[in-house]
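Working notes, structure below.
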Number of protein chains: 2
Amino acid sequence: MRTRGEVMQSKILAVLKHADSALSAYDILEALRDEFPKIAPPTVYRGLAALTEKGSVHRVESLNSFVACTNHNHDHASIMSICDDCGSVEENEAPKIFDDLSGLLGKTGFDAHRHVIEVHGVCAACGDQDNAS
Amino acid sequence: MRTRGEVMQSKILAVLKHADSALSAYDILEALRDEFPKIAPPTVYRGLAALTEKGSVHRVESLNSFVACTNHNHDHASIMSICDDCGSVEENEAPKIFDDLSGLLGKTGFDAHRHVIEVHGVCAACGDQDNAS
DNA sequence: ACGCTTGCGTTATGTTATAACGAAATATAC
DNA sequence: GTATATTTCGTTATAACATAACGCAAGCGT
Ligand SMILES: [Zn+2]
Ligand SMILES: [Zn+2]
Ligand SMILES: [Zn+2]
Ligand SMILES: [Zn+2]
């Protein structure tokens, strides 16, 4: 049974792509409830796990939530900038920072496998708004 | 009323300092249950919030858990290296990386307030062990 | 067709975190 | 010193996030 799972994954991805901020698994669940009235958490979490594995979706650790990837050409992790005002999450590329980090930790004998870099603050749009008011 | 809260905070901090890995709020709760049989989650969470505010404790976002600060002289955030094998969490200093990050995001108009940098991997001790075996 | 493997939906439960309220401690006013 | 306002904290209850375990059904080799 291949198709059923892929259908669910594409539905989940579509929900995330149409969102303007990170969504929790339960936000996604609610969004899919119309079409799949009996949907349950493991269905969503399994879809998210598969999508995360593929790199189509990223988990935002500091929000316990998920975003669709907006930059499909990255071989390394992204830097997430998270606006605490409007909730927007942007992916930023910065290979150099990952190199620096690996270098720094390598000196201590630490072998890095997965990087979590999430910066909270205020995005350009919200900053402008605050200035204007 | 100052003392009552500070007693609980120091107990929580002591538990974290004696742990060899990050602890969840509920791990701490269990550890304090002997001395405070009726302790409840909000008591632990309030203590942790106060300690985090002071900088004595850091939350590890990607583990939903907490560690005692091991480097009391930092004005900026730390880089946490987390061993997925033994669970150890180390604080690493790297002001330059924070400067680079702020610089990078500043160019996009993002105003950074709080940095989360957590690197998962295998620590030196666990790496050696794996090699030996 | 038969038995094997794999993936998925479902039920149930485990784990993490906070809202809300009332009692107790502290401070301020008189 | 008593009354009143303010803050802090314990407690109960519940919300939010996540996974274990089971069983069915699809796909596959024989
Ligand atoms: Zn991406
Ligand atoms: Zn914003
Ligand atoms: Zn520290
Ligand atoms: Zn280790």
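Chain A is the first sequence line, chain B the second, and so forth, proteins listed ahead of strands; every chain is numbered from 1.
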Query raised in the report: From D:dG10, D:dT11, C:dG9, pick the nucleotide closest to the side chain of B:Ala40?
Result: D:dT11

Query raised in the report: For the side chain of A:Asn64, counting heavy atoms from C-beta on, which of C:dC8, D:dG10, D:dA18 is nearest?
Result: D:dA18

Query raised in the report: With a 4.0 Å cut-off on heavy atoms, is A:Ser24 in touch with a base, just the backbone sugar-phosphate, or nothing at all?
Result: sugar-phosphate

Requested in this report: Would you mind telling me which of D:dG10, D:dA18, C:dC8 lies closest to the side-chain atoms of A:Arg46?
Outcome: C:dC8

Report summary line: Separation of C:dG14 atom P from B:Asp27 atom CG, nearest Å, is 16 Å

Report summary line: From CD1 of A:Ile39 across to P of C:dG9 the rounded distance in Å is 8 Å

Query raised in the report: Less than 4.5 Å apart, any side-chain heavy atom of A:Glu91 and any of A:Met80?
Result: yes

Query raised in the report: What's the closest nucleotide to the A:Tyr45 side chain, out of D:dA18, C:dT18, D:dG10?
Result: D:dA18

Query raised in the report: Just how far, in rounded Å, is P of D:dC17 from CG of A:Leu63?
Result: 10 Å

Query raised in the report: Looking at C:dA17, D:dA18, D:dG10, which one has an atom nearest to any side-chain atom of B:Phe66?
Result: C:dA17

Query raised in the report: What nucleic acid atoms does A:Ala25 come within less than 4.0 Å of, heavy atoms only: base, sugar-phosphate, or nothing?
Result: nothing

Report summary line: B:Glu35 CD to D:dG10 C1', in whole Å, measures 16 Å

Query raised in the report: What's the shortest heavy-atom distance between B:Thr43 and B:Ile12, and which atoms?
Result: O-CD1, 4.4 Å

Query raised in the report: Reckon A:Arg59 has a side-chain N or O less than 4.0 Å from the OP1 or OP2 of D:dA18?
Result: yes

Query raised in the report: Rounded to whole angstroms, how far apart are CG on B:Leu23 and C1' on C:dT16?
Result: 14 Å

Query raised in the report: Can you check the B:Glu53 CD to D:dT8 P distance for me, whole Å?
Result: 12 Å

Query raised in the report: Has A:Tyr26 got its ring stacked on D:dC17, by the test of a centre gap below 5.5 Å and a plane angle below 30°?
Result: yes

Requested in this report: Respond yes when some side-chain nitrogen or oxygen of B:Thr43 is under 4.0 Å from OP1 or OP2 of D:dC9, and no when none is.
Outcome: no

Report task. Would you kindly give the CZ-to-C1' distance between A:Phe36 and C:dT10, to the nearest whole Å? Result -> 15 Å

Query raised in the report: If you measure from the Lys or Arg side-chain nitrogens to the Asp or Glu carboxylate oxygens, is any gap between B:Arg114 and B:Glu61 under 4.0 Å?
Result: yes

Query raised in the report: Quick one: do A:Val116 and B:Val122 end up in the same hydrophobic cluster if we chain Ile, Leu, Val, Met, Phe, Trp and Tyr together by side-chain heavy atoms under 4.5 Å apart?
Result: no

Requested in this report: Measure from the side chain of A:Pro42, starting at C-beta and using heavy atoms only, and say which of C:dT11, C:dG9, D:dT11 lies closest.
Outcome: C:dT11

Requested in this report: Ignoring hydrogens and angles, state whether a donor on the side chain of A:Glu118 or A:Ser62 is under 3.5 Å from an acceptor on the partner side chain.
Outcome: yes

Query raised in the report: For the pair made of CE in B:Met8 and P in C:dA24, what is the distance, rounded to whole Å?
Result: 17 Å

